[in-house]
Amino acid sequence: SCAQDSLGRMWFGTSDGLNCYNGYDFNIYRNNPSDSTSIAGNIIRKVYVDSQGRLWAGTAKGLSLYDTEKDSFQSLLTSDKAVTGIVEVSETKMMVVCAGEIKFFDTALWDFIDSETFHHVNVEATILHRDKDKVWIGTVSSGVLSWDIKENKTKKVAGLDNVRQVQCINYHKDTLWVATEGDGLW
C-alpha cells in the first residue's frame, strides 16, 4: 500500500516497516517495543491519508496515526489482529478492517466504537475504498459489497458476488476496478 501526504512525501507500507520518501531520501519507521511512540508493527498492511492530511497506517499489530510535528506515532494495538483497510467516514470517524471484521474508530475517543451497522453482514472483509458517499468493501469469499454512508445500507455488488480474495479496489470514472488474489482483475 502507498499514499502521498499533504507535504508531497510518498509513504510505502512494506513487510519491514513504513518507508517515507521525501524526494531525496528514505526514512524507515519500525516498531520499537520499548518506545510507545513508535509505529504499532513492522508489517504494514494499509497506508491512508485522510481529508485533514493525517497519515494512518494499518499494521499487523494495530492502527497508527503519524504526528508530523513530533515525527512519532500514536497507536492503538489490536492484539496481533491485522488492520488491512482504512477509510474516513466523517471528521472524527474512521472505518477500519481489523482481522476481517468491519469496525468504526472514533478519533476523538481514540478507540473502537460499537456500531450495529455491520452486525448483520456476515463476511470476512479484506479492504475498503471510499468514493464520495459510498464505501466499497472487498471480502475473502463474498465478493464486493457497497455501503451507502448517508442511507446506512449495505448491498452486494451484482456480478462480483463470487469473487474471492479481493486485494485492491478502485472506482474511477464510473468504473469499479477489483483486483483479486487468484481470481484475476474485474
- Query: Do Ile149 and Ile113 share a hydrophobic cluster (ILVMFWY, side-chain heavy atoms under 4.5 Å, transitive)?
  - Reply: yes

- Message: Please check this pair: side chain of Asn42 against backbone of Asn31, looking for a donor-acceptor N/O pair closer than 3.5 Å.
- Response: yes

- Task: For Tyr29 and Asn19, test the side chains for any donor-to-acceptor distance below 3.5 angstrom and give the result as yes or no.
- Result: no

- Message: Which heavy atom of Arg130 sits nearest to which heavy atom of Asp133, and what is that distance?
- Response: NH2-OD1, 3.6 Å

- Task: Identify the heavy atoms of Ser38 and Arg30 that sit nearest to each other, and give their distance.
- Result: CB-O, 3.8 Å

- Does the side chain of Leu65 come within less than 4.5 Å of Arg54's, by heavy atoms? yes

- Nearest heavy-atom pair of Ala57 and Leu18: which atoms, and what distance? CB-CD2, 4.4 Å

- Task: Say whether Val178 and Leu185 are linked into one hydrophobic cluster, either directly or through other cluster members, by side-chain heavy-atom distances under 4.5 angstrom.
- Result: no

- Task: Mark yes when over 12 heavy atoms from residues, nucleotides or ligands other than Glu91 sit less than 6.0 Å from its CD; otherwise mark no.
- Result: no

- Quick one: does Glu88's side chain have a donor or acceptor within less than 3.5 Å of a partner on Ser51's backbone? yes

- So which heavy atom on Leu176 is nearest to which on Leu160, and how close? CD2-CD1, 3.8 Å

- Can you check side-chain contact (heavy atoms from CB on, under 4.5 Å) on Val47 and Cys2, steps first, answer last? CA-CA 6 Å; Val47 182; Cys2 64; 5.8 Å; no

- Message: I need the Thr59 OG1 to Asp80 CG distance, nearest 0.5 Å.
- Response: 9.0 Å

- Task: For Asp174, enumerate each residue passing the salt bridge (Lys or Arg N to Asp or Glu O under 4.0 Å) test, keeping only those at least two apart in sequence or located in another chain.
- Result: none

- Task: Taking the side chain as every heavy atom from C-beta outward, state whether Val96 and Phe112 have any atom pair closer than 4.5 Å.
- Result: yes

- Task: Please confirm whether the backbone N or O of Val166 pairs with a side-chain atom of Arg164, one donor and one acceptor, at under 3.5 Å?
- Result: no

- Message: Is there a side-chain contact between His129 and Asn170 in this structure, where contact means two heavy atoms from C-beta onward sitting under 4.5 Å apart?
- Response: yes

- Nearest 0.5 Å, what's the OG-CZ distance between Ser36 and Phe73? 13.0 Å

- Item | Gln165 (side chain) donor-acceptor with Asp183 (main chain) under 3.5 angstrom | no

- Message: Between Lys93 and Asp106 (salt bridge meaning N to carboxylate O under 4.0 Å), is one present in this structure?
- Response: no

- Message: For residues Ile43 and Leu77: do they belong to one hydrophobic cluster (side chain heavy atoms under 4.5 Å, members Ile, Leu, Val, Met, Phe, Trp, Tyr)?
- Response: no

- Are Val49 and Ile39 linked, directly or through other ILVMFWY residues, by side chains that come within less than 4.5 angstrom of each other? yes

- Message: Quick one, Asn22 with Arg9, criterion side-chain contact (heavy atoms from CB on, under 4.5 Å). Give me CA distance, side-chain angles, the key distance, then yes/no.
- Response: CA-CA 5 Å; Asn22 65 10; Arg9 297 175 296 191; 4.2 Å; yes

- Can you tell if the side chain of Thr126 reaches within under 4.5 Å of the side chain of Val97, non-hydrogen atoms only? no

- Out of curiosity, does Ile44 fall in the hydrophobic cluster containing Tyr48 (side-chain heavy atoms, cut-off under 4.5 Å, transitive links)? no

- Item | Straight-line distance of Ser72 OG to Tyr66 OH, nearest 0.5 Å | 7.5 Å

- Query: At what distance, to the nearest 0.5 angstrom, does NZ of Lys155 lie from CG of Leu145?
  - Reply: 11.0 Å

- Query: Crowded around Trp110 CH2? As in, over 12 foreign heavy atoms under 6.0 Å?
  - Reply: yes

- Message: A side-chain contact here means heavy atoms from C-beta on lying under 4.5 Å apart; do Tyr21 and Asn27 qualify?
- Response: no

- Item | Nearest non-hydrogen partners of Ile102 and Met95, listed with the distance | CG2-CE, 3.5 Å

- Query: Ser64 and Ala40: which non-hydrogen atoms are nearest, and at how many Å?
  - Reply: OG-N, 2.9 Å

- Query: Do Leu7 and Gln4 have side-chain heavy atoms sitting under 4.5 Å apart?
  - Reply: no

- Decide salt bridge (charged side-chain N to carboxylate O under 4.0 Å, His left out) for Lys134 and Asp148; before the verdict, give the C-alpha distance in whole Å, the side-chain angles of both, and the deciding distance to 0.1 Å. CA-CA 5 Å; Lys134 190 171 281 188; Asp148 188 297; 5.6 Å; no

- Message: Parallel, tilted or perpendicular, judged at 30° and 60°: which one describes the rings of Tyr171 and Trp136?
- Response: parallel

- Taking the side chain as every heavy atom from C-beta outward, state whether Gln167 and Ile127 have any atom pair closer than 4.5 Å. no

- Can you list the steps and then say if Phe105 with Leu76 is a side-chain contact (heavy atoms from CB on, under 4.5 Å)? CA-CA 10 Å; Phe105 181 79; Leu76 179 70; 3.4 Å; yes

- Message: For a 4.5 angstrom cut-off between non-hydrogen side-chain atoms, does Leu63 reach Trp56?
- Response: yes

- Message: Main chain of Lys61, side chain of Thr78: is a donor-acceptor contact present, judged purely on distance under 3.5 Å?
- Response: yes

